[in-house]
Each structure stands twice: as C-alpha cells, then as structure tokens.
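Here the structure comes first, spelled out in structure tokens, and everything after it is commentary.
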Amino acid sequence: MNTIQQDKDQQRLSPAMTTLAGGLFVFFWASGFVSAKFGFPYAEPFTFLSLRFLLALAILIPMCLIWRAAWPRGIVLIGHVVIAGFLVQTVYLIGVFYGIWLGVSTGVVALIVGLQPLLTGALAGLVLGETVTARQWSGLALGFAGLALVVAEKVDFAGSEGWGAALCAMSLIGITIGTLYQKRFCASVDIRCSVAIQNAVSFLVIAPLALSLETLRIDWTGEFVFALTWSAVGLSVIAIALYYLLMRHGAAAKVTSLIYLSPPTTALMGWLLFGETFSVTALLGLAVAVLGVALANRRAA
C-alpha cells in the first residue's frame, strides 16, 4: 500500500479535536513574529535559531525515549523525514528570519509567505491527488484578501528589494514543497520522532552558518530567555507537531488555509503586548480571513 493510501485510510480527527488542534496551531504559529521581536535585539538570526533548535531537541529526544516512540527505520524513510524537515523548518525559517533581519517589513513577509495556501492548493492535485473544490478556492482567495487587508498598513516595499525579498520567496517555496513532501512520504512516521529528527537537521545546518557568519554575541536578558524558550517550545515543538497532525488527517489546501489566520492573530498579539495599532481595515481583514478559512474548511453537504 502506498503512502497516499495509508494517509487516506487513517482515522480522521473528530470535528471537536480538529477545531481545538487548529486553534492551538494558529495561536502558536502566530506567536513566531512576537518571539522574534523579543529576541532579535539580543542575538543575530542564525545564533537565535541554533539555540532554539538545540533547546527543542533537549525536550523532544527525552520525550521520544520516555514515551518509547517508534523511530523511522530504513535509510529511505529517514531520508524523506530529513528532506521534509529541511524544507519546512530550515529553509522556511532562514528565509523569514533573515528577511526580517535584512529590513523586509513584516507586512511584506506576511504577504509573500501568505501565498502558501494558494500555491499548496494549486499543487495538491498533482502531488497528492487531492481535489480542491470551487468553494475551497473561493475560501483560499478570501483568506488571502483578508490577509492583505490586515497587513496593508504595515507593508513597506521600500525595504523589500534584493536579498530580503528573495529569501522570503525561498521561504514560501520551501514550506509549500516541504508540506506536500511531508504529507506524501512521511505519513507513517511518528510525529514526535519526525519533529525531533527535523529539529536536529535544522540545528546541524544553521549552527555552522552562525559560527561562520555571525558574531555569536548574546545578551542574556529576561526578554531573550522568554523569546528563546517560547520559540523552542511553542513553535519548534508544539506548533510544528500540530501542523503535521492536522496535515495527516486533512486535505493539504484546507489545513494550510489556517495560516491565513496567523497574521491577524499576530496583529492582535502586537496590540495587546506592544500597544501596536489595530485599525478598522485590519479588523475588516480579520473578519474576511476568518470567513475565507471557514469556507475553505467547510464540510461538503
């Protein structure tokens, strides 16, 4: 039985569990920009990410050993996990973090990587054999429109030229292809072990970049420790595991549509934590994004 059929044959999550997992995923995924804002003043991007992956591994490896999770067997299956993780985590995070570091506004970053659900929907049929209905396409389009409204006042194209924009585009391609690859080839792998292996791969790639390109200077403030801990636990452990869980039990285009809710949630967090403005336009965008995600995820009658 091929991996696509294995994925289809697995028992789906109940509507209540799907809603809970989806809500938690959006919350933790959206907190990524917040943790970056707390951490960036105190460490360079590759240094921050190296520590993040190292801390995540300190949690994941004992977790897998204590729970006796089944590690993937065979070089081919392990290779699939490594490739998926390199694309979803390593490539994506290098592009986003260094894009912001180079001056690309968070609004531009959100717009570029926000194309992921549309791109995933376009490729899901070819790669996974999934059908994206007209209703789901309408929901994906509405979700992107809502995203554009949310970030409209924060978009600064003057800072998006050159390497920064290219890195953000690299993130978009990486997470889109990696998501489809994870669902296509890694459906049988224990998610805990998959996430652990992928964090290890990311550390092994990014740590040498930090050593060769950055000063490794870290200011160990309370804000930095909080940002690092939240980023490692909330994002590199919880968020990515929930993402894979939802992807395993649902259609790729439907699950990735949840990402449209991330920038609005981040904007709300910025308003609550940093006193950032949340305009009427952004509020309208939030409503449109929620409508789009609901439409994309609505069960067929």
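With hydrogens and angles disregarded, a donor-acceptor distance shorter than 3.5 Å links the side chain of T18 to the backbone of S14. The backbone N or O of G32 sits less than 3.5 Å from a side-chain atom of S35, completing a donor-acceptor pair. When atom types are taken as modelled, the side chain of Q116 and the backbone of I259 share no donor-acceptor pair closer than 3.5 angstrom. In this structure, R192 contributes its side chain and A241 its backbone to no donor-acceptor pair below 3.5 Å. Judged by distance alone, with hydrogens and angles left aside, the side-chain atoms of Y260 form no donor-acceptor pair with the main-chain N or O of L147 at under 3.5 Å. At least one donor-acceptor pair closer than 3.5 Å links the side chain of Q198 to the backbone N or O of V81.
Taking the six-membered ring for Trp, F48 and Y42 have ring centres at least 6.0 Å apart.
The side chain to side chain contact (heavy atoms under 4.5 Å, CB included) with T120 is formed by just one residue from the set V255, L180, L115; it is L180. Here the options are E214, R217, R52, the test is side-chain hydrogen bond (donor to acceptor under 3.5 Å, both in side chains), and the partner is T47; only E214 passes. Test L245, I191, V88 against I240 for side chain to side chain contact (heavy atoms under 4.5 Å, CB included) and you get one pass: V88. For the side chain to side chain contact (heavy atoms under 4.5 Å, CB included) with F25, the lone residue among L258, L261, I238, L20 that qualifies is L258.
By the 4.5 Å heavy-atom criterion applied to side chains, L77 and S188 are counted as neighbours. Annotation: side chain of S194 is in contact with side chain of Q182 (closest heavy-atom distance under 4.5 Å). Between F40 and I100, the closest side-chain pair of non-hydrogen atoms falls below 4.5 Å. The side-chain heavy atoms of T265 and M269, taken from C-beta on, include a pair separated by under 4.5 Å. By the 4.5 Å heavy-atom criterion applied to side chains, L216 and L211 are counted as neighbours. No side-chain heavy atom of V113 sits under 4.5 Å from any side-chain heavy atom of I175. At least one side-chain heavy atom of L51 sits under 4.5 Å from a side-chain heavy atom of I218.
A continuous path of Ile, Leu, Val, Met, Phe, Trp and Tyr side chains, each step under 4.5 Å between heavy atoms, connects L140 with F144, placing both in one hydrophobic cluster. Note on L149: it does not cluster hydrophobically with L111, by side-chain heavy-atom contacts below 4.5 Å among ILVMFWY residues. Hydrophobic cluster membership is shared by I66 and M63, with clusters built from Ile, Leu, Val, Met, Phe, Trp and Tyr side chains linked at under 4.5 angstrom. In the hydrophobic clustering of ILVMFWY residues, with side-chain heavy atoms under 4.5 Å counting as a link, W101 and L235 come out apart. There is no path of hydrophobic side-chain contacts, each under 4.5 Å, that joins W137 to L291.
For the atom pair CG of L49 and CG of L54, the computed distance is 12.5 Å after rounding to the nearest 0.5 Å. Atoms OH and OG, from Y98 and S171 in turn, are 13.5 Å apart once rounded to the nearest 0.5 Å. With values rounded to the nearest 0.5 angstrom, Q89 atom CD is found 4.5 Å from N199 atom CG.
The aromatic rings of F224 and W220 stand perpendicular to each other, their planes meeting at an angle above 60°, with 30° marking the opposite boundary.
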Apply side-chain contact (heavy atoms from CB on, under 4.5 Å) to the pair N297 and S257, showing each step before the final yes or no. CA-CA 8 Å; N297 285 275; S257 70; 2.8 Å; yes
Show your reasoning for whether side-chain contact (heavy atoms from CB on, under 4.5 Å) applies to V104 and C168. CA-CA 9 Å; V104 181; C168 293; 4.2 Å; yes
Would W230 and F28 count as a ring pair (Phe, Tyr, Trp, His ring centres under 6.0 Å) here? Give the steps. CA-CA 9 Å; W230 184 272; F28 283 109; 5.7 Å; yes
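For L209, the side chain to side chain contact (heavy atoms under 4.5 Å, CB included) criterion is met by F46, I94, L213, not counting sequence neighbours.
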